[in-house]
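Since this is a predicted model, take the numbers as computed values, not measurements.
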Amino acid sequence: MLILPREELIFFFMNYYDLILAALVSIGVTIFLSKALRSGKGGIAGRLGLPFVGETFSFLSATNSTKGCYDFVRLRRLWYGKWFKTRLFGKIHVFVPSAEGARTIFANDFLLYNKGYVKSMADAVGKNSLLCVPKESHKRIRRLLSDPFSMNSLSRFVQKLDDMLCERLQKLETEGESFRLLDFNMKVAFDAMCNMLMSITDASMLKQIERDCTAVSDAMLSIPLMIPGTKYYHGIKARNRLMKKFEAIIASRRSGEEFSDDFLQSMVHRDSCPAEEKLNDMEIMDNLLTLIVAGQTTTAAAIMWSVKFLSENNQVQDRLREEQLSILRNKPVGALLTLEDLNNMPYGSKVGKNRHSIGFEIKKGWHVNIDATCIHYDAALYKDPLQFNPSRFDEMQKPYSYIPFGSGPRTCLGMNMAKVTMLVFLHRLTSGYKWTVDNQDPSLEKKAHIPRLRSGCPITLSAFKDGKYTHRT
């Protein structure tokens, strides 16, 4: 019999509290239901499992592994085919693997379908978040949130981001030490978003907000039970602290104690507008949180994967570097990037894209998940889909075959900001430095709702001699 030391038992319990709780609930239900529900005849194949619990435990187990949560999807595709259904967090989910299916859903958004999230995700970002509001409010909130993503706002954002990146990359190269690229990207994206949204630059305040935003992000795929010690508990507590902090900042802006030319100020200026032309305070705060969390995690992970793939493909890396150096040659020394410069990076845009008809009855109340990963790796749409090949995007893509930002009325509001962030980073990295990836472990980070390398992709930078790149021989 295996006997664990007391310290190891405590460590195990604290780190796997959510999963242990799910197991206990599952065992309790099993006393009354001895046979799990399995279906597939005459419709979409899959396993629904026990009422409410379903396959939630298996999903959380995959999320907690180094293979990532998508391993849950991959295995069920092997068992049931590309189309399958399952039960997660009490809801029946259907996974849609085709461009035709995606088109049908996006074309009928708000008509036959409405967007929904698991309870823990909605609780974490708030009921007024653009991610969660019903169709009656979505159009108004989306329109009023659009200012930070206008061309004028993006122009200012690009210059601030470029200045920040130049300084921080130079500092890291001078230190000569390996650093986790994922952590670096997360911090840069976070600081840039907080600056743009609320003009926050104080290091102490940024640290507090980032810590709480991380807890909120970690709670987004957890069991929604408010029990001390769980990720959900810590995430909701962190959310409450953030709401109080945002509330104080808004009050300071209204009183005239503080003023900044940023997103938050533009929202406060609308106080005297009719209700349909302004956001109330909870709408502002929920969407501040949403924009920070969404803007930080997804873009940082995408940049990490791009750098990893570039390090494994010298030909692609060299072609990208030549494009970026040609832009530098046409600018004054030390000049910051502009939106016009970014528009002259066609190959860089294609590098950023290399990221990692419904024929069934979809019943009312079921959750339909468009599986963009399956679509993007479909050999019928892309030749050699697992190969890192930016040139595949030279050809016109089939509609709905490339949907990293969604489509239709729910297209990601920060799509253009994510694109310019990636381009600015790739430009400064490839035009100024060589790098080595210091850990080749392909394992994924545990408990992450977006695929990220467990190693964080540590790299070491080396600046070009005399600022000039020597071509490979």
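Considering all non-hydrogen atoms of both residues, Asp202 and Met205 come closest at OD2-N, 2.9 Å. Residues Ile292 and Cys213 come closest through the heavy atom pair CG2-SG, 3.9 Å. Of all non-hydrogen atoms in Ala219 and Lys231, the two that sit nearest each other are CB-O, 3.4 Å. Across every non-hydrogen atom of Ser311 and Val437, the tightest pair is OG-CG2, 3.4 Å. Of all heavy-atom pairs between Phe59 and Cys69, the closest is CE1-CB, 4.1 Å. When all heavy atoms of Gln296 and Ala189 are compared, the pair lying nearest together is CA-CB, 4.0 Å.
In this structure a side-chain-to-backbone donor-acceptor pair under 3.5 Å is present from Thr56 to Phe89. For the pair Glu323 (side chain) and Tyr347 (backbone), a donor-acceptor distance under 3.5 Å is present. Distance alone, capped at 3.5 Å, is enough to place a donor-acceptor pair between the Ser65 side chain and the Ala62 backbone. Looking at Ser255, its side chain does come within 3.5 Å of a backbone N or O of Glu257 through a donor-acceptor pair.
By the neighbour-count criterion of 12 heavy atoms within 6.0 Å, atom CD of Glu276 is densely surrounded, having more than that number from other residues, nucleotides or ligands. When the shell of 6.0 Å around NZ of Lys237 is examined, it contains 12 or fewer heavy atoms from other residues, nucleotides or ligands. Residue Lys127 qualifies as open at atom NZ: its count of foreign heavy atoms under 6.0 Å is 12 or below.
From Gln208, atom CD reaches atom CZ of Arg241 across 9.5 Å, with rounding to the nearest 0.5 Å. Between the NZ atom in Lys419 and the SG atom in Cys412 there is a gap of 10.0 Å [rounded to 0.5 Å]. The structure places NZ of Lys308 at 10.5 Å from CG of Asn439, a figure rounded to the nearest 0.5 Å. Taking CG of Leu337 as the reference point, atom CG of Leu423 lies at 9.5 Å (rounded to 0.5 Å). One distance of note links OG of Ser431 with CG of Leu320; it measures 9.0 Å at 0.5 Å rounding. A distance of 8.0 Å separates CG in Leu130 from CG in Leu291, rounded to the nearest 0.5 Å.
Between Lys171 and Glu167 there is no salt bridge, since none of the side-chain N atoms of the basic residue sits less than 4.0 Å from a carboxylate O of the acidic one. Using a cut-off of 4.0 Å between Lys/Arg side-chain N and Asp/Glu carboxylate O, Arg74 and Asp71 are scored as salt-bridged. Ion pair Glu283/Arg140 flagged as a salt bridge, since at least one NZ, NE, NH1 or NH2 atom sits closer than 4.0 Å to an Asp/Glu carboxylate oxygen. Between Lys278 and Asp271, no side-chain nitrogen of the basic residue sits less than 4.0 Å from a carboxylate oxygen of the acidic one, so the salt-bridge criterion is not met. Ion pair Asp191/Lys187 flagged as a salt bridge, since at least one NZ, NE, NH1 or NH2 atom sits closer than 4.0 Å to an Asp/Glu carboxylate oxygen. Salt-bridge annotation for Glu175 and Arg168: absent, with no side-chain N of the basic residue lying under 4.0 Å from a carboxylate O of the acidic one.
Considering only heavy atoms from C-beta on, Leu444 stays 4.5 Å or farther from Lys67 through its side chain. By the 4.5 Å heavy-atom criterion applied to side chains, Leu461 and Phe179 are counted as neighbours. In this structure, Tyr70 and Pro451 have side chains that are not in contact, with every pair of non-hydrogen atoms separated by 4.5 Å or more. Within the 4.5 Å cutoff, no side-chain heavy atoms of Gln170 are placed close to those of Glu173. Two residues are said to be in side-chain contact when any heavy atoms from C-beta on lie closer than 4.5 Å; Leu161 and Val188 meet this criterion. Leu381 has its side chain within reach of Ile375: a pair of non-hydrogen atoms, C-beta onward, lies under 4.5 Å apart. Phe246 is listed as a side-chain neighbour of Met198, based on a closest heavy-atom distance under 4.5 Å. Looking at heavy atoms from C-beta onward, Phe157 lies in side-chain contact with Thr421 at the 4.5 angstrom threshold.
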- Working for salt bridge (Lys or Arg N to Asp or Glu O under 4.0 Å), residues Arg254 and Glu247: CA-CA 11 Å; Arg254 284 210 176 98; Glu247 190 174 13; over 6 Å; no
- Task: May I have the step-by-step check of side-chain hydrogen bond (donor to acceptor under 3.5 Å, both in side chains) for Thr460 and Asp438, ending in yes or no?
- Result: CA-CA 7 Å; Thr460 302; Asp438 303 320; 2.7 Å; yes
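Between the side chains of Thr338 and Asp341, a donor-acceptor pair is found at a separation under 3.5 Å. Under 3.5 Å, the side chains of Gln324 and Thr430 contain no donor-acceptor pair of N or O atoms. Inspection of the Asn152 and Ser150 side chains reveals no N or O donor paired with an N or O acceptor under 3.5 Å.
Tested against Glu445, the residues Arg452, Arg180, Arg454 include a single salt bridge (Lys or Arg N to Asp or Glu O under 4.0 Å) partner, Arg452.
Using bins of under 30°, 30° to 60° and over 60° for the plane-to-plane angle, the ring pair His367/His93 lands in the tilted bin. Phe425 and Phe184 have tilted rings, their planes meeting at an angle from 30° to 60° on a 0 to 90° scale.
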